[in-house]
Amino acid sequence: MSTPERVITYGEAVREAIAEEMRRDETVFFMGEDVAAAGGVFKVTVGLLDEFGEDRVRDTPISEAGIMGAGVGAALTGMRPIVEIMFGDFITIAMDQIVNQAAKMCYMTGGQASCALTVRTTIGAGRSSAAQHSQSLQAWLSHIPGVKVAIPSTPADLKGLLKTAIRDDNPTVIYEDKMMYGLKGPVPDDDDYTIPFGVADIKREGSDVTLVATSSMVHTALKAAGMLEKEGVSAEVVDPRTLSPLDMDTIIRSVEKTSRAVVVDEAYQSYGVTGELASRIADEAFDYLDAPVKRVGAMDVPVPFSPGLEPETIPDEAKLVRTVQGLFHDVAV
Amino acid sequence: MSTPERVITYGEAVREAIAEEMRRDETVFFMGEDVAAAGGVFKVTVGLLDEFGEDRVRDTPISEAGIMGAGVGAALTGMRPIVEIMFGDFITIAMDQIVNQAAKMCYMTGGQASCALTVRTTIGAGRSSAAQHSQSLQAWLSHIPGVKVAIPSTPADLKGLLKTAIRDDNPTVIYEDKMMYGLKGPVPDDDDYTIPFGVADIKREGSDVTLVATSSMVHTALKAAGMLEKEGVSAEVVDPRTLSPLDMDTIIRSVEKTSRAVVVDEAYQSYGVTGELASRIADEAFDYLDAPVKRVGAMDVPVPFSPGLEPETIPDEAKLVRTVQGLFHDVAV
Amino acid sequence: MSESLEMITTSSDEGTLPLPEPLCREIYDKMLTIRRFEEAVLDIYTQGLMRGLAHLYIGQEASAVGICSALNDDDYLTSTHRGHGHLIAKGGKVDRMMAEMMGKVDGYNRGKGGTMHIADMSLGILGANGIVGGGMGMATGAALSGKMRGSGQVAVCFFGDGAINQGAFLESANLASIWSLPVLFVCENNHYGEYTAASDVTAVREHVAERAAGFDMPAVVVDGNDAVAVHQTAVEMVQRARTGEGPCLIENKTYRYRGHHVGDGDPEKTYRTQEETDTWLAKDPIPRFARRMLKAGMMDEAELESIDTTITKRVEDAVAFANESPYPEAGEVTDHVYA
Amino acid sequence: MSESLEMITTSSDEGTLPLPEPLCREIYDKMLTIRRFEEAVLDIYTQGLMRGLAHLYIGQEASAVGICSALNDDDYLTSTHRGHGHLIAKGGKVDRMMAEMMGKVDGYNRGKGGTMHIADMSLGILGANGIVGGGMGMATGAALSGKMRGSGQVAVCFFGDGAINQGAFLESANLASIWSLPVLFVCENNHYGEYTAASDVTAVREHVAERAAGFDMPAVVVDGNDAVAVHQTAVEMVQRARTGEGPCLIENKTYRYRGHHVGDGDPEKTYRTQEETDTWLAKDPIPRFARRMLKAGMMDEAELESIDTTITKRVEDAVAFANESPYPEAGEVTDHVYA
Ligand SMILES: Cc1ncc(C[n+]2csc(CCOP(=O)(O)OP(=O)(O)O)c2C)c(N)n1
Ligand SMILES: Cc1ncc(C[n+]2csc(CCOP(=O)(O)OP(=O)(O)O)c2C)c(N)n1
Ligand SMILES: [Mg+2]
Ligand SMILES: [Mg+2]
């Protein structure tokens, strides 16, 4: 018996996840800047105000720290707030409340407190939004114990992970790629469809190299895999889906099979997500590797505005293909 | 001709570096919470107010974001501010000003602007200061292009790097370990003594394994090296000294010699500094490695208050020794 | 101070004690408990039985007790690094607090939080806080939560004069005001943030409370060493908040008799004068309240003494309890990272 | 509004034009340049020649020009996402701005910043800013720098009604006030932050400017569509700042005639009414200023027309210049990460 599916966009997945969870649990509410009447600057929360009213769908002042703090306080006292930070770059203003308060409350209180806060924010360059509206800062919160981090690449993953996040009793952060809101994909037609955190997904099977990719880079990796196939290289694409907790088992199993791995993530490469994943693969699959684990991230430069420069900074399928080729070349030599 | 040396503490190194640079350049000034009249909560800036007066040594309100912003503005307009953030945990409040403003101004303006801002802040657990006063968040700013990051382990390194930072036309961040302010060491007796960023230092020579260690972990690594020596294992201790720029050459040369490496840093292990360094070693020294590159960081838990728990979370020499032993064991098997 | 700011200075030192006797007894008991508790903390800290930093509340007792005596058990409270007084005033148990000070497993937080993070969620105490201004957003959110659930709960946000310069105040005050949230922002103006005088770093004409007007919020400046004045103000403002009229800012003018934290030297030799401290010592909230109870005939000297004996014993027992409690097992270190 | 807040509403529509003719000509020229520039931006954006987001300043010209006409060349300015007007008012060159809009190498920032980050350090323009409230600290620091160097420079911080709810305002205002820094905080209250009415999210009795009192700072509420009123207020406040009397808050009441950014739909069909917009259109700062110049005999209709022709041509040339300029070479992508 297979669940029927519908095709929706990544943006619609956000709306459906929030709406379903709000219907299911009256302690769930949603707030952020221009999210209610306007339905968000990316228009992905249109309609929620109409269905749930002003009390549960709130337009806030431009006060990232304040609304995050209010989210923490509400979460500590029996509510399940979802707080939107419009551009991931603005989370810089709310870090104290997430990192020093929300993430640590359960631990610091010896398990007395729980903080069922869900933070939704965006990542991704590619729209000439320039250096303050294009960052992918997922590494920061992945570094912080007490927070759980999801980074969905498809409508189905977004919906399932966001619903899980809302039901989770811990602070969770969902990084949505703003370039993918229009992306379509099938989603199970089931109000109770969720995806557990800590379960990676093999987005494409292959036998010669493992591409571990996050968010929009999953699609870049799939394109690269298509190109590699024509050259006779069979690439497996593994999407960790959540960075914390991280499903290393699935990744390591894949690398044990392929003996080669490339990790790709759109953030600044240095001290980012690729370093963590690559170092763990290089360690845990040491005896299986035929080539070094390579990393492909964005250039370590602020994201430039110019359409003549911005694309240079973002990993693309050509770069991935070259990187994979290098792995075989090196070994062949 | 060797420069005469004096023995001073890590804390005195801070004071001397600031005083010398303030004497040398009248655009240098210093501000922070309780840094002037009280000489800082760690007492390392005592005396600066007396010498330089209230205009150049400023006690500020408790406004981390505000004073960082003021630092950025002053730096853009011809001054060389040094801003102290008392505990590194509080930098969470000032991230926008560092990350979105200071780090990006030169780039975003196409090279028009420079921002000679120096940020001093602290890291390190071990004083029962609990979860909000013990974090080592150096990975975050190392991830951000446009910022330079130093993490000195000795009085000499601190003094030389801080002086370089103050003279640098870019935003620089110095992470000082609050547990080391009393640590003594020799410092060249030369007002113009500086240490360039991007030059690692071999703190101990060895031939069997490379311990790449940062900040207080350098001393832990040196202790471990002493213990290992008794077992016939010769450990080389490499201190990167700056995380951005990072001197990989020195690290790789060491690993090419030893064929084994362990990276140790006091921060939360996951998605931290050790991941970046280990993944680069595993990649760039792939053909030389006889064992996987291991990482030793703090436990991925908020730092507990209890003296019965806190020490468990911090890497110590015993753990490092065990990790190194594992490398030889694994290979032998 | 402009009248249009709607600030009033309440001082009830003169005249009779306008509160019922059981309440007065409770206020006195709580204030003295805080005093004796803090003296014991000073003691254990000096003996090396406690690590971290101990920020004593000595001198400010009327503020915490005056406010919390106007609250219900299920009302919320956020506290600060100087939080012991707030916790006791809200009903916190001294033995479990003392055990927490020492990092013991019977502490409120199983030893994981320590002095700056004690919480008792069952009493609505959302925790002391190591971040200056860190509780402001949380209190606002707790008030929002109470309002959304229709529970009638109010939230009290305690913070110092130093915290009024954190941007968090602006954002929280604004949110609370536009949404008419039942939150009392209580600024305990003890005139110093660490070693810096509030007047050197705080741009107001005279009172921190002046900032409330910019958020369309009423403000009251209170003699914070007068438990009656604080209590009466709190009753009025709690009532206001509970009936949906929104937040307020209460500024309790007070003084900490000790240094910023135990072991940081003698304030009178550095950043403040003996004369100033003496002026405030003359306004010590505890003898002051005792005098009024005596005058009102609610108590006599003998009873005052016996109350002190009882409280002192309770605090000694708490220290003994804490001393006997073990550190948590090493294995606990990985518990509670996630709920 | 309470008089004790020292707020005055200046409106100079009536009476003669109290400014010298060359200044009036300059003000008019700058305002019309902004208008024509923004119309051209709308045009190139609609044609797909510009990427990113274009936040037009149309309708608010009197605010930027009124303020900047009171500044010296070496005074500092921080701007916002809606920054084109501020830049032109401070002397920014339209051709280099237009090239920057398109990401071209001859743009002010070599194409690296784009519309939200244009800067001209030689004119003291520290940059437009993509972070709401992002310029507040920077302006405060620039003022501190000027003061420390004894240069007599002042700093102007432009920001919107939305930004007044960022904690950065509190921290910057407080710092500027305690240190008497020469900074003018200029709130351009266009009544909306994106799609949300300021009145829905901003707790003040009537005016944003009321928040100044809490920082012991004078405030003025100005008809922001009246270039004369804005200019006169700025002259007075700049003078005050330059002579060491410290910061102030100026609230320019104004309106943006377009949406939040180009392409985000028709505001009158969603979050605001046609009636409201019409009221503000009747107060359009440009024809209003033109009428006063005509009345004062400083100009006639023919000259108005010829000025428009000149400016329109200048803007067309800027577009042509920008169109012809190439994108930066790919190799430039790694330049300027560090100075
Ligand atoms: C964000 C932040 N900045 C700085 C500190 C360091 N600090 C701890 S207490 C304190 C002074 C607080 O003063 P106030 O708010 O007046 O409270 P008081 O200590 O007087 O009760 C400071 C600066 C901190 N804990 N958090
Ligand atoms: C810190 C931050 N939060 C949110 C945004 C998104 N944003 C851009 S402009 C804007 C509205 C700003 O309103 P206002 O300050 O009134 O300026 P206006 O657009 O009206 O000129 C918002 C919310 C941002 N750029 N930065
Ligand atoms: Mg204080
Ligand atoms: Mg606006």
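Here the structure is a predicted model, which means the values were calculated and not measured. Note that these values count all heavy atoms, side chains included, but never hydrogens, waters or copies made by symmetry. Each chain gets a letter, A, B and so on, in the order its sequence line appears, and its residues count up from 1.
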Enquirer: Counting heavy-atom pairs under 4.5 Å to chain D, which of C/G214, C/A168, C/A203 comes out on top?
Expert: C/A203

Enquirer: Measure the CZ-CG distance between C/R211 and D/L170 for me, rounded to the nearest 0.5 Å.
Expert: 5.0 Å

Enquirer: A quick test of your reading: do over 12 heavy atoms of other residues, nucleotides or ligands sit less than 6.0 Å from CZ of C/R272?
Expert: yes

Enquirer: Kindly write out the residues that satisfy side chain to side chain donor-acceptor pair (under 3.5 Å) with D/R149, not counting sequence neighbours, or none if the list is empty.
Expert: D/Y76, D/S145, D/Q153

Enquirer: Do the side chain of C/E171 and the main chain of D/G167 share a donor and acceptor less than 3.5 angstrom apart?
Expert: yes

Enquirer: For D/R240, does the CZ atom have more than 12 heavy-atom neighbours from other residues, nucleotides or ligands under 6.0 Å away?
Expert: yes

Enquirer: By number, which residues in residues 174-189 of chain D have some heavy atom less than 4.5 Å away from chain C?
Expert: D/N174, D/S177, D/I178

